[in-house]
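Residue numbers begin at 1 in each chain, while the letters A, B, ... track the order of the sequences.
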Amino acid sequence: MKLKLRPAHYLILLGGALFFVFPLMAAVEFSLRTNQGKSYGLANYRWFLHQDGFRPNLFMSFKLAALTAVLVLALMVPTVVYTHLGGAKWRRLIEFICLVPLVVPVVSFAIGAITAMPTIFQSSPYELSFLYVIISLPYTYRALDVGLSSIPLTTLVEASRSIGASSRHTLQFVVVPSIRSAVNGAIFLAIALSLGEFTLAVLLHWDTFPTWINNVSQDNVLGAISLSVFALFGAIFIVLIVALAPNIRKSEKIEESA
Amino acid sequence: MKSSSGIAVHLDGLTKRFGSLVALNNFSLDIAPAELVALLGPSGCGKTTALRILGGLDVPTEGRIVVGGQEISHISANKRNMGMVFQAYSLFPSMTAEENVAYGLRVRGVNTAKRASRAKELLELVGLSTHAKHLPNQLSGGQQQRVALARALAIEPSVLLLDEPLSALDAKVRTQLRDEIKRIQREVGTTTLFVTHDQEEAMAIADRVGVMSAGNLEQCAPPADVYLNPINVKVAKFVGAMNALPGILTSATTADVLGQSIRVRGESPNGSKEVRILIRPEQLGLHLAAEASEHTATITGHSFLGPLTRITARLNRDQTNLFVALPSAQAMNFPIAASVAVVITADHALIEG
Ligand SMILES: Nc1ncnc2c1ncn2[C@@H]1O[C@H](COP(=O)(O)OP(=O)(O)OP(=O)(O)O)[C@@H](O)[C@H]1O
Ligand SMILES: [Mg+2]
């Protein structure tokens with residue numbers, strides 16, 4: 001469906017764009033100032049690159065994000081598929097459980113984790129990933145639920161089973177590829193949430209990239225701004241990769257068949 | 001194409017209940033090796049249920065399934081080695097036509113080269129070798145169902161299960177693909193159960209047609225038998241059009257219909273001598289009548305169907321509407337409002353129950 005744009009639409013678009021772009025441009029401009037604002041350069045970026053803990057904390061956040069994404073997929077894809085097939089009667093309940101993290105304050109969540117998590121988990125920063133999985137449930141559930149509603153899941157699964165595929169093969173070869181963009185959306189949400197999460201990490205006394213940004217930027221305003229710009233564009237870059245990856249394969253196929 | 005020898009299917013007393021609803025009632029059917037049986041019946045009569053039970057997608061409440069001499073009632077769908085084609089488009093949207101066809105072999109661990117050559121062979125069989133690299137959304141409905149058929153056949157299934165595979169297609173593609181399914185089924189020799197609610201389709205494609213109503217298998221016989229010698233009124237009325245003409249029983253096996261004597265089968269529903277006799281539109285002929293009488297009828301309409309024209313007429317005696325199918329050239333002799341005498345060409349008929 002093609003949307004026809006009228007002048008009013010353009011105005012709204014323009015207004016929205018300004019609203020987003022202005023602060024961004026301002027931030028970029030600030031982050032490039034050097035010599036007390038007399039000239040432009042990359043000094044602020046060099047500054048944070050050389051701060052202690054830049055790399056280890058960035059890597060820690062990446063590792064947490066990757067683990068979170070894997071856990072989210074392993075937990076949520078089969079669960080949501082199940083609610084769309086035989087488990088329709090559990091659907092309401094599961095949906096409700098997945099929405100609960102939205103209304104639980106992070107502080108009580110952290111206290112809950114400290115009191116209830118097995119100590120063996122609490123001794124490693126990776127405990128954060130398990131908690132991030134829970135925090136991201138409302139969003140990942142939604143993404144996968146919408147994706148699965150958009151395909152004739154029952155027919156596809158039955159077709160796959162009747163040809164002889166096990167449930168694992170069916171999930172791996174049929175279901176996940178059919179809802180690629182929803183799965184990518186869920187992955188992206190899980191990654192974005194883990195990369196940006198601050199409160200839980202602080203409350204549970206772990207160092208991640210966000211907590212590190214908070215520490216180093218206490219006494220360097222321009223450095224802090226350049227760090228935010230870096231983090232923002234880094235995140236956009238990751239979104240682009242996740243969003244574009246499936247399209248590359250699709251366009252390859254169409255070319256082949258032409 | 002390698003031709004499998006075909007495997008016998010034996011369905012024994014299958015009953016399926018959904019809560020209080022009996023979707024399938026003591027359903028028994030034997031399908032001979034390489035035979036194509038079509039299940040025909042109105043919507044909701046349990047055709048799909050029977051097919052899904054054979055395919056292992058539903059579990060019967062009672063009954064046994066024996067395929068190739070082996071009871072498979074408790075074997076799960078993915079171990080039954082059956083190829084299914086569904087009414088709804090069911091190709092895997094992320095895979096090309098070729099990958100869809102090869103999928104059954106892929107999950108069986110067959111190597112890439114063998115998979116590719118088998119997929120190619122099957123796409124050729126269904127006439128789609130040029131579309132191997134297309135994704136399902138780049139194929140027409142008919143092409144998608146061809147690929148689905150190739151996908152089902154790729155695993156050399158012991159039984160092929162087709163659930164209204166043509167119902168989403170337009171009339172022309174439907175007849176074309178129907179003939180093709182028949183050809184392919186002959187060629188491959190796979191025992192096949194074909195579900196449809198389209199009589200013409202069932203008649204055209206099947207070795208035997210099983211007519212169902214409300215969970216029961218009423219009759220399973222070659223198409224001509226089902227049409228010409230329906231076992232009961234339900235079958236007679238469901239297969240083809242039927243006139244219910246007023247008649248009077250003259251003995252247990254004869255009746256007087258429109259002044260003609262005819263052999264009849266069945267019982268008068270209320271014991272009365274006045275009954276309705278079922279006669280097909282093409283078993284009636286017309287003559288122009290000089291004057292109206294209680295045995296004549298008045299022409300009320302024509303529907304031109306190409307080679308045949310369907311004439312509707314109203315009996316003077318009791319205003320019963322009846323249909324007569326005549327070659328179109330003849331039908332022109334009977335204009336609307338003409339008085340006609342109705343001649344029965346059938347020598348036996350059923351009493352409406
Ligand atoms: N999963 C189910 N739960 C409850 N009732 C069902 C279920 N599946 C089928 N039924 C009921 O069983 C009966 C038979 O259904 P079935 O799908 O076999 O009909 P059908 O002959 O294939 O009809 P159609 O030509 O419309 O496809 C119907 O009354 C249907 O409502
Ligand atoms: Mg059906």
So does [X] have more than 12 non-hydrogen atoms from other groups sitting under 6.0 Å from [atom1]?
X: B:Lys120; atom1: NZ; value: no
X: A:Ile120; atom1: CD1; value: no
X: A:Phe59; atom1: CZ; value: no

| message | If you count heavy-atom pairs within less than 4.5 Å of chain A, which of B:Met82, B:Gln87, B:Arg106 leads? | response |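 Most heavy-atom pairs under 4.5 Å with chain A: B:Arg106.
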| Residues of residues 158-167 of chain A contacting chain B, heavy-atom criterion under 4.5 Å, by residue number |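 Answer by number: A:Glu158, A:Ala159, A:Ser160, A:Arg161, A:Ser162, A:Ile163, A:Gly164, A:Ala165, A:Ser166.
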| field | Contact residues of residues 168-179 of chain A (partner chain B; heavy-atom separation under 4.5 angstrom) | value |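 Only A:His169, A:Thr170, A:Phe173, A:Val174, A:Pro177, A:Ser178 of residues 168-179 of chain A have a heavy atom under 4.5 Å from chain B.
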| query | What part of B:Arg80 gets closer than 4.5 Å to chain A, counting heavy atoms only: side chain, backbone, both or neither? | reply |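 Neither part.
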| said: Please classify the contact between B:Leu91 and chain A as side chain, backbone, both or neither, with a heavy-atom cut-off of under 4.5 Å. | reply: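 Just the backbone, heavy atoms under 4.5 Å.
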| query | Which atoms form the tightest heavy-atom contact between A:Leu156 and B:Pro93, and what is the distance? | reply |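 Reported closest heavy-atom pair: CD1-CD, 3.8 Å.
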